[in-house]
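Encoded as structure tokens, the structure appears first; notes follow it.
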Amino acid sequence: MKALILVGGFGTRLRPLTLSVPKPLVCFANKPMIQHQIEALKEVGVTEVVLAINYQPEIMLNFLKEFEDKLHIKITCSRESEPLGTAGPLALARANLVDGSSEPFFVLNSDVISEYPFAELIKFHKSHGGEATIMVTKVDEPSKYGVVVMEEKTGKVEKFVEKPKMFVGNKVNAGIYLLNPSVLDRIELKPTSIEKEIFPNIAADHKLYAMVLPGFWMDIGQPKDYIIGLRLYLDSLRKKSSSKLAVGSNIVGNVLVHESAKIGDGCLIGPDVAIGPGCVVESGVRLSSCTVMRGVHIKKHACISSSIIGWHSSVGRWARIENMTILGEDVHVSDEIYSNGGIVLPHKEIKSSILKPEIVM
């Protein structure tokens with residue numbers, strides 16, 4: 001089986017982290033985002049992954065080369081010279097996706113994090129005999145999304161309603177699809193939306209089905225959702241393989257700590273924290289709802305909550321970092337500094353407090 005991951009463009013919503021690496025390589029729970037997806041695809045027998053990309057393919061390929069060898073899975077790039085939307089990239093990568101067999105292929109949005117129930121998806125797809133299956137997830141506020149209206153028993157999709165004013169359902173597209181090769185015959189090589197143009201046509205022919213995604217789902221393409229996604233992911237990890245989570249008198253709730261990280265005495269870590277490889281957390285530090293990426297140094301008695309600390313940054317003694325502060329790569333916060341929602345670009349030194357959310361260039 002094959003899979004296409006829609007990587008897309010610049011990842012502006014996750015800046016300043018995406019100023020250092022393309023968005024799919026930003027760490028999430030101590031792994032690049034895209035690694036979570038590729039590992040789950042490999043598990044159900046996918047042998048080749050195609051990345052649809054229009055930005056920095058060289059960096060992606062260099063990283064994925066080593067990953068290819070480790071996982072024994074073929075990874076190729078399909079590069080767009082102009083943005084082709086969410087369907088055009090399938091037409092561009094047609095030669096990679098079709099090999100003469102009638103096997104369906106996966107399509108994923110690279111921002112989506114979930115339990116990736118691909119085995120169940122394959123089983124459902126083969127049982128209904130349609131042309132395409134989309135995964136849907138239930139949301140609390142359907143008026144913010146395009147809603148999928150479907151038959152409850154069979155999963156057959158009747159129609160799509162964009163940002164409905166009246167309640168028509170609470171299931172939305174989760175950005176995970178399984179498509180027969182015949183779907184490619186419906187797509188021209190031009191900027192096209194799979195959600196707004198291709199799927200409604202397949203639904204009109206009564207060949208589109210939807211499966212409700214079990215477990216959690218989150219689009220982690222922006223900081224607030226990234227932090228919520230981390231909580232949901234760690235929650236799921238607790239249920240599935242809790243041995244991967246940290247334990248100890250200084251740990252509260254779900255915490256993921258890389259084995260090479262060092263944590264001092266008297267810290268209070270958690271809930272919902274990921275600490276990356278090579279990090280040093282000195283004594284008396286308080287961390288909650290945050291990600292601390294590779295090589296970060298947090299000095300004594302600093303307090304960090306609801307924030308993302310980028311690679312190789314440092315946070316000074318008694319500093320307080322909160323309210324969706326994001327430090328890019330190699331940012332150094334001085335002692336006793338307060339940051340309230342600061343967005344700090346890479347390679348900066350912060351010597352005065354950031355009292356209200358702002359971008360520090």
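Predicted model, so just to flag it, every value in this text is computed and none were measured. Computed from heavy atoms alone, side chains included, the values below leave out hydrogens, waters and symmetry copies.
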Please check if the number of heavy atoms outside Leu189 that lie under 6.0 Å from its CG is greater than 12. yes

Find out if a path of hydrophobic residues (ILVMFWY) with successive side-chain heavy-atom gaps under 4.5 Å connects Met324 to Ile220. yes

Centre-to-centre under 6.0 Å for His125 and Tyr209, is that the case here? no

Side-chain heavy atoms under 4.5 angstrom apart, residues restricted to Ile, Leu, Val, Met, Phe, Trp, Tyr: same cluster for Ile202 and Leu179? yes

Should the heavy atoms of other residues, nucleotides or ligands under 6.0 Å from NZ of Lys300 be counted, would the total exceed 12? no

Between Ser182 and Glu131, do the side chains contain an N or O donor and an N or O acceptor separated by less than 3.5 Å? yes

Mark yes or no for whether Glu197, through its side chain, and Ser193, through its backbone, hold a donor-acceptor pair below 3.5 Å. yes

With a 3.5 Å distance limit and no angle check, can you tell me whether Arg317 reaches the backbone of Lys299 through a side-chain donor-acceptor pair? no

Keeping to residues at least two apart or across chains, list the ring-ring contact (aromatic ring centres under 6.0 Å, His included) pairs with something in residues 307-353. His301-Trp318

Got a donor-acceptor contact below 3.5 angstrom from the Ser307 side chain to the Ser305 backbone? yes

Got Ile134 and Leu208 here, is their nearest side-chain heavy-atom distance under 4.5 Å? yes

Looking at Gln37 and Asn109, would you say the former's side chain and the latter's main chain have a donor-acceptor pair under 3.5 Å? yes

Is a donor on one side and an acceptor on the other found under 3.5 Å between the side chain of Asp205 and the backbone of Lys207? no

Spell out, as yes or no, whether a donor-acceptor pair under 3.5 Å connects the side chain of Ser289 to the backbone of Ser306. no

Just wondering, are more than 12 heavy atoms of other shown residues or ligands nearer than 6.0 Å to CD in Glu336? no

Quick one: do Leu230 and Ile298 end up in the same hydrophobic cluster if we chain Ile, Leu, Val, Met, Phe, Trp and Tyr together by side-chain heavy atoms under 4.5 Å apart? no

How long is the span from the CG atom in Asn254 to the NZ atom in Lys244, to the nearest 0.5 Å? 13.5 Å

Does a sphere of radius 6.0 Å around CZ in Arg186 hold more than 12 heavy atoms from other residues, nucleotides or ligands, not counting ones at 6.0 Å or beyond? yes

Find out if a path of hydrophobic residues (ILVMFWY) with successive side-chain heavy-atom gaps under 4.5 Å connects Met218 to Tyr233. yes

Got a sec: does the CD of Glu358 have more than 12 other heavy atoms crowding it under 6.0 Å? yes

Any side-chain heavy atom of Tyr226 sitting closer than 4.5 Å to one from Leu17? no

Quick one: does any side-chain atom of Ser260 pair with a main-chain N or O of Gly278 as donor and acceptor, under 3.5 Å? yes

No-hydrogen, no-angle side-chain donor-acceptor test under 3.5 Å, Glu195 and Thr86: yes

Using side-chain heavy atoms (C-beta onward) and a distance below 4.5 Å, is Val50 in contact with Lys2? no

At what distance, to the nearest 0.5 angstrom, does CE of Met135 lie from CG of Leu213? 5.0 Å

Under a 3.5 Å threshold, yes or no: a donor from one side chain and an acceptor from the other, between Asn323 and Asn340? yes

Quick check: His36 with Tyr116 (ring centres under 6.0 Å apart)? no

Determine yes or no for a side-chain-to-main-chain donor-acceptor pair under 3.5 angstrom, with Ser313 supplying the side chain and Val331 the backbone. yes

Between Thr325 and Glu322 (side chain of the first, backbone of the second, donor and acceptor by atom type, cut-off under 3.5 Å), is there such a pair? yes

For the side chain of Lys262 and the backbone of Cys279, is there at least one donor-acceptor N/O pair under 3.5 Å apart? no

Taking the six-membered ring for Trp and the single ring otherwise, decide whether the centroids of Tyr177 and Phe106 are under 6.0 Å apart. no

Tell me, yes or no, whether the heavy-atom count around Lys31 atom NZ, taken from other residues, nucleotides or ligands under 6.0 Å, exceeds 12. yes

Flag the pair Phe216 / Glu115 as yes when at least one side-chain heavy-atom distance between them is below 4.5 Å, and no otherwise. yes

Please determine whether residues Leu287 and Ile321 belong to a single hydrophobic cluster, defined as Ile, Leu, Val, Met, Phe, Trp and Tyr linked transitively by side-chain heavy-atom distances below 4.5 Å. yes

